[in-house]
2 protein chains.
Amino acid sequence: MAVTIKDVAKAANVSPSTVSRVISDSRHISDKTKKKVRKVMEELGYHINLNARGLVRQSTKTIGIVLKYSENEAWNWINPFVSEVIQGISAHCHEHGYSIMITTGRTEKEIYSDVVKMVQGKQVDGMIVLYARKEDRVVPFLLEAAIPFVVIGKPVDRIHEVMYVDNDNVQAAKDATAFLLNQYHRKIGFIGDNPSFQVIQDRLEGYYKALELEGISKNPAYVKFVQNPEDEEKILDKFLKLEHPPTALVISSPLQGVGVLKRILNHGLHVPEDISVVVFNKTLITEVSIPKLTAIDTQTYQLGYEASKGVIELIHYPDTFKRSVIISARIEPKESHRSLQEN
Amino acid sequence: MAVTIKDVAKAANVSPSTVSRVISDSRHISDKTKKKVRKVMEELGYHINLNARGLVRQSTKTIGIVLKYSENEAWNWINPFVSEVIQGISAHCHEHGYSIMITTGRTEKEIYSDVVKMVQGKQVDGMIVLYARKEDRVVPFLLEAAIPFVVIGKPVDRIHEVMYVDNDNVQAAKDATAFLLNQYHRKIGFIGDNPSFQVIQDRLEGYYKALELEGISKNPAYVKFVQNPEDEEKILDKFLKLEHPPTALVISSPLQGVGVLKRILNHGLHVPEDISVVVFNKTLITEVSIPKLTAIDTQTYQLGYEASKGVIELIHYPDTFKRSVIISARIEPKESHRSLQEN
DNA sequence: CTCATTAACGCAAACGTTTGCATCAACTTT
DNA sequence: AAAGTTGATGCAAACGTTTGCGTTAATGAG
């Protein structure tokens, strides 16, 4: 088949071990020999077999990515969040010569076995988990397998045992709400998706905290969760039928953001004239939206980049302290908000 | 380290070869032995080492994906096209037990060496190339290496030697243009991105063809290429300053579509009242845009799915006829166009 | 009862690297 | 000049599978 290290060795009149050492640029080999061997490698068109190397080195210089599993299949990849995170991971991995392998499973069970295959099959040196979910089997498995990994998002359960990178969602939501308060909004609504995610709980908490600081009491009528896109309509209806409809909204996803935007228009109202909107996650969507959405930049790319830094560090120094990285989020004022007071 | 086939063999009182055959469920092994061995595997927590298997089988059941390279880094992953294609690939790969590995390179050179590494390093059994570009080194390399691969898009050069899956971009653009012509538009503009991509050339050709059928001659003033987002402004300016500005536009990417949408609004004009817009690639973006963009559904997911079908077929039957698959594209009328004639 | 057939399994050689240890020549040192 | 040191390379055993071929015992045919 292909030309192997032995072929090169034979042609260069050296031993296979010498060739191997030339490949890894060992300092035990004389420059003359290196030159000679390299020339032969060139001539023969040699390329290393990474399977063989992986076998003996017990390392493949590959990291696996566990893609987010979502009931709503379409939202997986389409969700720009995933893309951007992977961008970040990819960038850092490349800098360190690591390859990337991704899960292909669609259901929770499939994904789990993908992970097992990657890890036990020794296909990867480390893993990055793109979500944090209650009662998930992946994280416990990875802990058990004692393979380096980091999760993006805040793992609910064994938080002190795993390294994770996340935003401070409480703080971010607090900031977002405070931003609106500073613009003299007093009636602020909150829209989140599935409240079973920790993210949503945290953001809700931050939202409440900011209100509290201003002495505004919790108003359940201002807080809604949309489980599927159709809910948006109902929710907006309810909001607008209130005696005092909210003048501003904090929304936990860009997709919902544009959805709400559209419903608002349908009601003959305008953003930001009639109602201000701040959404979580600055993404392509918030940029191409008209008006551009004032969004919380959670620095998704950076999230991925740091996660990658984490695993690779863990791979090289397994005893690294499992520090957790908080990526700061900051609000990026665009066009979907306005101050209630014309200064 | 981990428990190997030999450990299992020892514990089960059989030879390693027997264990191996149990794993592959060989019919040369008695059911009794299989049961026994499987039980031991279970007890010992055995899992196969895919590196070792890859080494001897000369196959890893992994396919590599060459991500599109773009000068404008941000457009890579963010571009929903890529995400959807990968979704399709991923789905089919999973059905056949194949894993996925993606390139991490940012520049053309980096990507090329990623590919070489994957292929020569025997990390993958086949490849899918997510773009077709003139004077690209990847496709020639893959041909040379004689590894199964399929490109998504129409390879310009050695078209009869490679298997590809693509839309009929000429036809699609022709349809799109005809669609507008049917709505009594006569002054139709075309906006594409990098004209070095075959896609753009094809779409341009289809655009011209449709016009020709109506006896409308080519007008270079109506055809523009935007290389970076800032160009959109200039282009629109030029269009609008024409004596007869276009009443409709065919745009080759959803991202550009929303960009142009915004610029049009900036000029105090409205879509579709003042100008109709049809964009290529129905994606999340075109759906969340306001108004929803009338788009050509190129069935991106299907593109990926078929590509995957292609490689895996080539892997199993190397002598498969290198058929090329054309995924039909059809226009999905939404809200960004109108007829010039009030019926 | 002998011989050919088959079913079930073991042997051992690959697959292409890496790496600890041994070797050996050429230099230093004393 | 002998002993020790250093530098450059080779030997051979791993790494964990797969698989062609050989062996054995049981079965069937004649």
Side-chain angles (χ1 to χ4, degrees), chain A residues 1-38 40-41 44-62 97 99 117-125, chain B residues 1-38 40-41 44-62 97 116-125:
Chain A
M1 316 269 132
V3 22
T4 81
I5 239 181
K6 295 184 183 170
D7 301 327
V8 175
K10 208 157 287 177
N13 247 357
V14 296
S15 79
S17 34
T18 300
V19 178
S20 174
R21 284 187 244 264
V22 169
I23 292 171
S24 45
D25 201 19
S26 160
R27 59 196 169 79
H28 294 299
I29 304 292
S30 71
D31 287 348
K32 201 177 64 182
T33 311
K34 281 184 184 175
K35 282 234 166 60
K36 182 177 62 177
V37 171
R38 292 213 176 98
V40 173
M41 294 197 326
L44 268 52
Y46 169 80
H47 196 287
I48 198 169
N49 181 318
L50 292 170
N51 276 316
R53 165 179 282 185
L55 181 56
V56 27
R57 283 217 181 148
Q58 309 276 42
S59 145
T60 55
K61 288 220 122 200
T62 300
S99 304
K117 183 177 163 193
M118 281 187 190
V119 173
Q120 306 284 40
K122 308 283 184 232
Q123 292 193 105
V124 298
D125 293 352
Chain B
M1 320 272 131
V3 22
T4 81
I5 241 182
K6 294 184 186 172
D7 301 326
V8 176
K10 207 157 289 177
N13 247 356
V14 294
S15 78
S17 33
T18 300
V19 178
S20 174
R21 285 185 243 265
V22 169
I23 291 171
S24 44
D25 202 19
S26 160
R27 57 194 169 80
H28 294 299
I29 304 292
S30 71
D31 287 348
K32 202 177 64 182
T33 311
K34 281 184 185 176
K35 281 232 167 62
K36 182 178 62 177
V37 172
R38 291 211 177 99
V40 174
M41 296 197 324
L44 266 54
Y46 169 80
H47 196 288
I48 198 170
N49 181 318
L50 292 170
N51 277 317
R53 164 178 282 184
L55 182 56
V56 27
R57 282 216 180 150
Q58 309 275 39
S59 146
T60 55
K61 287 220 120 198
T62 301
V116 173
K117 182 175 162 194
M118 281 188 191
V119 173
Q120 306 283 41
K122 307 282 185 234
Q123 293 193 105
V124 299
D125 294 352

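Note that this is a predicted model, so its numbers are computed, not measured. So you know, we letter chains A, B, ... as the sequences are listed, proteins then strands, and number each from 1.
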Between the two ends of the helix from C:dC1-D:dG30 to C:dT30-D:dA1, what is the bend in degrees, rounded to 10 degrees, where each end axis spans five pairs? 40°
Once you round to the nearest 0.5 Å, how far does CG of A:Asp7 lie from CE of A:Met41? 13.0 Å
For B:Arg38, which residues count as a side chain to side chain donor-acceptor pair (under 3.5 Å) partner, sequence neighbours excluded? B:Asp25
Protein-nucleotides 21-27 of chain D N/O pairs under 3.5 Å:
none

Not counting sequence neighbours, which residues clear side chain to side chain contact (heavy atoms under 4.5 Å, CB included) with A:Ser20? List them please. A:Ile5
Given D:dG16, is OP1 or OP2 found less than 4.0 Å from the side-chain N or O atoms of B:Ser20? no
May I ask you to say what B:Thr4 touches in the nucleic acid, namely base, sugar-phosphate or nothing, with a heavy-atom cut-off under 4.0 Å? sugar-phosphate
OP1 or OP2 of C:dG16 versus the side-chain N and O atoms of B:Gln58: is any pair under 4.0 Å? yes
Sorted by number, residues from residues 9-18 of chain B placing a heavy atom under 4.0 Å from DNA chain C are B:Asn13, B:Val14, B:Ser15, B:Ser17, B:Thr18
Taken in chain and number order and not counting sequence neighbours, the residues that satisfy side chain to side chain donor-acceptor pair (under 3.5 Å) with A:Thr33 are A:Ser30
Between D:dA8, C:dT17, D:dG16, spot the one nearest the side chain of A:Ser30, thanks. D:dA8
Which residues share a side chain to side chain contact (heavy atoms under 4.5 Å, CB included) with B:Arg53, sequence neighbours left out: B:Ile23, B:Ile48, B:Leu50, B:Arg57
Within the structure shown, what part of the strands sits under 4.0 Å from B:Lys6 by heavy-atom distance: base, sugar-phosphate, or nothing? base
Got more than 12 heavy atoms from elsewhere within 6.0 Å of NZ, A:Lys36? yes
Side chain to side chain donor-acceptor pair (under 3.5 Å) involving B:Ser59 - partner list, sequence neighbours excluded: B:Asp125
Could you list the residues that satisfy side chain to side chain contact (heavy atoms under 4.5 Å, CB included) with A:Val40, not counting sequence neighbours? A:Val8, A:Ala11, A:Ala12, A:Leu44
